[in-house]
J.: 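Here's a structure for you.
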Amino acid sequence: MNKISRLNAASGIPEQVTFREDAGGMTVVEVKNAYSTATIALQGAHVLSWVPNDAHPVIWLSGDAKFVPGKSIRGGITVCWPWFGAHQTESSFPAHGFARTTMWAVVETQALDNGETRLVFRLVQDENTRGLWPYSTQLEYRITVGETLDIDLVTRNTGKESVVIGDALHTYFNVEDVREVSIYGLEGCPYLDKVENFKRKQQSGAIKINQEVDRIYLESMQDCIIEDPGLARRIIISKRGSHSTVVWNPWAETAAKMGDLGENGYLNMVCVETANAADDIVTIAPGDEHHLWSRYQVEAL
Ligand code: TA6
């Protein structure tokens, strides 16, 4: 039996959960139920797509995304853990941590009574990741695919000392034209503007994007709404266990330098990230766990 057959035998659910190898050679799991479809790569437990029935994709994946073992995938939902952005002291450590480039194991798949599908993944640590993170933690990712997409990133401290983490669900949302979009829910919040060397500013009104935007909104616990007149819908992002929200669009020049955003790809995406970033870090006592939880849902305008 090859790897894919083993996965399907152990965790596949006929007509609902199917493991396969995609064109880039990555192992992915496809989910299909009465409400929506989703695709998740085992590397990074990276959600590549979520498409509610009869709707446009909610998650954006770059047409030029590279599927290379050990490299992060441009688009989808990137799991940033156990730190967000650059490591605070070690400049050689990978940005956004290592969870996004590491293989995850499938712990459980379940067809729920209400027709939704639950999948649970666990990060598999190895010698390399232990070199970056020598702490005793267990990281689990619970994804429920249904009328909404629910994601719960659970960090459990299995050691004897407190651990401090940063994390984020770095989600690329699909929009018709980012220049027409308004983002609500962060009005009045202070933010760090990464484009201006982390200058502290304050948001007034809804966010409009017509230039490079890379901001860490602090003290932001409320839902965010992406209003997209082009697709005649709003995406509602609810969250728990997160005190900061990152909003990012690289705009044309930075996107061109990145090389994997696709031609004019920046116009069709915006990241609104449920996060604990910058000084907003989380201390987990021995035996405790931290949940970074988010729900995405779509509503017609
Ligand atoms: O979340 C925003 C951000 O931290 C930006 O600063 C930008 O660099 C982006 O993430 C993408 O990072 P990546 O390491 O995936 O290229």
Side-chain angles (χ1 to χ4, degrees), residues 26 41 43-48 59-88 90-102 129 132 151 153 165-175 178 181 183 185-186 189 191-201 203 207 209 211-218 220 224 226 237 239 242-262 265-281 292 294 296:
M26 280 204 170
Q43 176 176 296
H46 201 120
V47 177
L48 302 172
I59 307 293
W60 180 85
L61 180 67
S62 170
D64 282 1
K66 298 182 177 78
F67 299 93
V68 179
K71 299 260 180 250
S72 62
I73 300 165
R74 182 66 60 205
I77 306 178
T78 304
V79 176
C80 303
W81 186 94
W83 57 84
F84 177 85
H87 189 276
Q88 276 189 340
E90 303 291 335
S91 58
S92 64
F93 282 16
H96 293 320
F98 55 85
R100 62 174 173 166
T101 50
T102 304
T129 63
L132 300 167
I151 39 188
L153 183 70
I165 61 155
D167 51 5
L169 303 166
H170 188 311
T171 303
Y172 293 71
F173 289 99
N174 177 40
V175 295
V178 77
V181 158
I183 302 168
L186 297 162
C189 288
Y191 67 89
L192 304 176
D193 192 344
K194 269 172 118 174
V195 177
E196 287 187 46
N197 201 21
F198 291 86
K199 190 169 173 193
R200 199 178 167 101
K201 301 182 179 174
Q203 180 65 35
I207 301 171
I209 296 182
Q211 58 182 338
E212 182 172 0
V213 167
D214 194 353
R215 303 174 183 169
I216 301 174
Y217 284 88
L218 306 167
S220 59
C224 284
I226 302 173
I237 304 160
K239 64 172 182 162
S242 152
H243 291 87
S244 39
T245 307
V246 177
V247 177
W248 179 57
N249 183 292
W251 214 246
E253 212 182 314
T254 302
K257 286 187 212 141
M258 292 171 69
D260 59 358
L261 241 112
Y266 72 98
L267 291 175
N268 303 121
M269 52 79 48
V270 63
C271 290
V272 177
E273 308 168 30
T274 294
N276 291 292
D279 290 343
D280 166 31
I281 39 182
L292 182 66
S294 212
Y296 304 148

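Read the numbers this way: they start at 1 and go in the same order the structure lists the ligands and their atoms. Side chains are part of it too, since the values below use all heavy atoms of this structure and drop only hydrogens, waters and symmetry mates. Residue numbers run from 1 in the order of the sequence given.
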J.: In terms of residue, atom name and distance, what is the protein heavy atom nearest to atom 15 (O) of ligand 1?
T.: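 Of every protein heavy atom, Arg100 NH1, 2.8 Å lies nearest to atom 15 (O) of ligand 1.
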J.: Evaluating non-hydrogen atoms only, which member of Arg215, Met258, His170 is closest to atom 10 (O) of ligand 1?
T.: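 It is His170 that holds the nearest heavy atom.
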J.: Quick test: of every protein heavy atom, which one is nearest to atom 4 (O) of ligand 1, and how far off is it to 0.1 Å?
T.: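 Result for atom 4 (O) of ligand 1: Lys194 NZ, 3.0 Å.
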J.: Does atom CD of Glu253 have more than 12 heavy-atom neighbours, drawn from other residues, nucleotides or ligands, at distances under 6.0 Å?
T.: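 12 or below, so no.
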J.: More than 12 heavy atoms of other residues, nucleotides or ligands under 6.0 Å from CG of Asp193: is that the case?
T.: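 Yes, because the 6.0 Å sphere around CG of Asp193 holds more than 12 heavy atoms from other groups.
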J.: Is the side chain of Asp167 donor-acceptor paired with the backbone N or O of Leu292 at a distance under 3.5 Å, no angle test?
T.: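 Not at all, since once roles are kept as given, no pair shorter than 3.5 Å links the two residues.
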J.: Asp214 versus ligand 1: do any nitrogen or oxygen atoms come within less than 3.5 Å of each other?
T.: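 Asp214 vs ligand 1: N/O contact under 3.5 Å present.
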J.: Geometry only, no angles: is Tyr172 polar-contacting ligand 1 at N/O separations under 3.5 Å?
T.: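 The answer is no, given that Tyr172 and ligand 1 share no N or O pair closer than 3.5 Å.
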J.: Can you report which non-hydrogen protein atom sits closest to atom 8 (O) of ligand 1, along with the distance?
T.: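 I find the closest protein heavy atom is Trp248 CZ2, 4.3 Å.
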J.: Please identify which atoms of ligand 1 are closer than 4.0 Å to at least one heavy atom of His96.
T.: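 Those qualifying, in numeric order: 3 (C), 4 (O), 10 (O), 12 (O), 14 (O).
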J.: Does either side chain, that of Lys239 or that of Ser242, offer a donor lying less than 3.5 Å from an acceptor on the other one?
T.: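 Their side chains do contain a donor-acceptor pair, which is all the 3.5 Å distance test asks for.
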J.: Should the ring pair Phe98 and Trp81 be called parallel, tilted or perpendicular, given that the plane angle runs from 0 to 90° and is split at 30 and 60?
T.: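 Taking Trp81 first and then Phe98, their aromatic rings stand perpendicular (interplane angle over 60°).
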J.: Which of the atoms in ligand 1, numbered in the order shown and given with their element, are less than 4.0 Å from a heavy-atom of Glu273?
T.: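 Selected atoms, number and element: 1 (O), 2 (C).
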J.: Indicate yes or no for a side-chain donor-acceptor contact from Thr171 to the backbone of Ile77 under 3.5 Å, with no hydrogens or angles considered.
T.: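 Not at all, since once roles are kept as given, no pair shorter than 3.5 Å links the two residues.
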J.: Answer yes or no: does an N/O atom from Arg74 fall short of 3.5 Å to an N/O atom of ligand 1?
T.: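 Right, the criterion is met.
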J.: Treating His96 as the side-chain partner and Gly85 as the backbone partner, does any N or O pair qualify as donor plus acceptor under 3.5 Å?
T.: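 Checking the backbone N and O of Gly85 against the side chain of His96, a donor-acceptor pair under 3.5 Å is found.
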